[in-house]
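Comments concern the structure below.
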Amino acid sequence: MAALKDLRAKSGAPMVECKKALESSENDIDAAMDWLRKHGAAKTSSKVAGRDAQEGLVGLLTSGKSAAIVHVASETDFAGRSKAFSDLVELVTAATLESRQASEIASEDLMHMSANGKKVEEAMEEAILAIRENLKIASALSCVADDGQWVGYVHGRVTEIAGSAAAIVHVSGDVSEQVLQDVGKKLAMHVVAARPLYMDPDSVPEDVLAKETEILREQLVETSKNKPPEILEKIISGKLRKYYESVCLTEQAHMILEGNPKVKDCLKEQGVNLTHFEFKALHH
């Protein structure tokens, strides 16, 4: 009876399946866990596969010149707040960080990676077994730099490294490590709040900019059709500046600092260079 209770607590699997697992493994807890992963998780996965998974958690870890930001999806917000799920997210994030691949990692590749002595695939099977939902690694990004620091911020924390949204920024400069940490942390908080799409105006793809310019021209045809072409171009330039301020990180008003100065002005004043940012959120 004690073994059944222990296996139930450890696996989260239904009592009937725990009994079958113990019977098949002669009451060996570790062997019973293996049985559950092979039979129970596979059975559960086949039942829940294909069901919509839009909830979950975003995980983030930084370690100096390396960082990882992942989104592991669940079907319900309730499951996404469970310990079994948050443990899975933490392991997936740690495995992504340890990979140091400097790229997006495909979920099937991540399944074969490990962290803290456990394979991601094994952790996924255990979580599916306990939660009984369709769980999946929606995205996993590993970031590596030669210099500077990666600094991150997790919003809506469920655990120390996982929450409803997260951002990382890569900062460098001839300043102290503490300054980089302080500037980076506030900037990452701003990214979560403002949700920029691009680093700066030069980062906006040509086709996106062309489309935005065309929309502005069409709007002006009705409201300013009697104005000279050079005046129309000035109006368009002004409106494009407003567009950049809404979608480009360097052009945005810093939402965390008092007075909301422009981000690029803050960085220049503090002697900090920004070279990259990443943002992930549920329902983004």
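Numbering starts at 1 and runs along the sequence shown.
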Passing option when V154 is tested against L60, V58, I168 for side chain to side chain contact (heavy atoms under 4.5 Å, CB included): L60

Sole candidate of L110, L88, L91 that passes side chain to side chain contact (heavy atoms under 4.5 Å, CB included) when paired with M124: L88

As an exercise, state the distance from [atom1] of [X] to [atom2] of [Y], rounded to the nearest 0.5 Å.
{"X": "Y244", "Y": "T250", "atom1": "OH", "atom2": "OG1", "result": "10.5 Å"}
{"X": "L197", "Y": "S203", "atom1": "CG", "atom2": "OG", "result": "11.5 Å"}
{"X": "E177", "Y": "Q181", "atom1": "CD", "atom2": "CD", "result": "6.0 Å"}
{"X": "S63", "Y": "E98", "atom1": "OG", "atom2": "CD", "result": "9.5 Å"}
{"X": "L57", "Y": "R157", "atom1": "CG", "atom2": "CZ", "result": "12.5 Å"}
{"X": "I236", "Y": "I231", "atom1": "CD1", "atom2": "CD1", "result": "12.0 Å"}

Looking at every non-hydrogen atom in both residues, tell me the closest pair between [X] and [Y] and how far apart they are.
{"X": "L135", "Y": "S74", "answer": "CD2-CB, 3.7 Å"}
{"X": "N134", "Y": "E75", "answer": "N-OE2, 2.5 Å"}
{"X": "Y243", "Y": "Y198", "answer": "OH-CE1, 4.2 Å"}
{"X": "T62", "Y": "W150", "answer": "CB-O, 3.7 Å"}
{"X": "G271", "Y": "V175", "answer": "O-CG1, 3.8 Å"}
{"X": "S142", "Y": "Q101", "answer": "OG-N, 3.1 Å"}

Is atom [atom1] of [X] surrounded by more than 12 heavy atoms (other residues, nucleotides or ligands) closer than 6.0 Å?
{"X": "E108", "atom1": "CD", "answer": "yes"}
{"X": "E218", "atom1": "CD", "answer": "yes"}
{"X": "K211", "atom1": "NZ", "answer": "no"}

Please determine whether a side-chain nitrogen of the Lys or Arg among K186 and D182 lies less than 4.0 Å from a carboxylate oxygen of the Asp or Glu. no

same_hphob_cluster([X], [Y]) at 4.5 Å side-chain heavy-atom cutoff:
{"X": "M189", "Y": "V272", "answer": "yes"}
{"X": "L61", "Y": "V70", "answer": "no"}
{"X": "V144", "Y": "I105", "answer": "no"}
{"X": "L257", "Y": "V263", "answer": "no"}
{"X": "I256", "Y": "M199", "answer": "yes"}

Is there a side-chain contact between [X] and [Y] (heavy atoms, below 4.5 Å)?
{"X": "Q219", "Y": "I215", "value": "yes"}
{"X": "Y153", "Y": "V191", "value": "no"}
{"X": "C143", "Y": "L141", "value": "yes"}
{"X": "L240", "Y": "L209", "value": "yes"}
{"X": "L187", "Y": "H254", "value": "yes"}
{"X": "P201", "Y": "E251", "value": "yes"}

Backbone N/O of A140 and side chain of E104: donor-acceptor pair under 3.5 Å: yes

Whether Q270 side chain and V183 backbone form a donor-acceptor pair below 3.5 Å: no

Write out all pairs satisfying side-chain hydrogen bond (donor to acceptor under 3.5 Å, both in side chains) with one or both partners inside residues 163-176, taking only residues at least two apart or from two chains. H170-T275

Report the C-alpha separation of V158 and V89 in whole Å, then their side-chain angles, then the decisive distance to 0.1 Å, and conclude whether the side chain to side chain contact (heavy atoms under 4.5 Å, CB included) test is met. CA-CA 11 Å; V158 172; V89 175; over 6 Å; no

Side chain to side chain contact (heavy atoms under 4.5 Å, CB included) assessment of V151 paired with L180: CA-CA 8 Å; V151 187; L180 287 179; 5.5 Å; no

Q252: which of R195, E245, K264, H190 passes side chain to side chain donor-acceptor pair (under 3.5 Å): H190

The side chain to side chain donor-acceptor pair (under 3.5 Å) partners of E233 (sequence neighbours excluded) come to R217

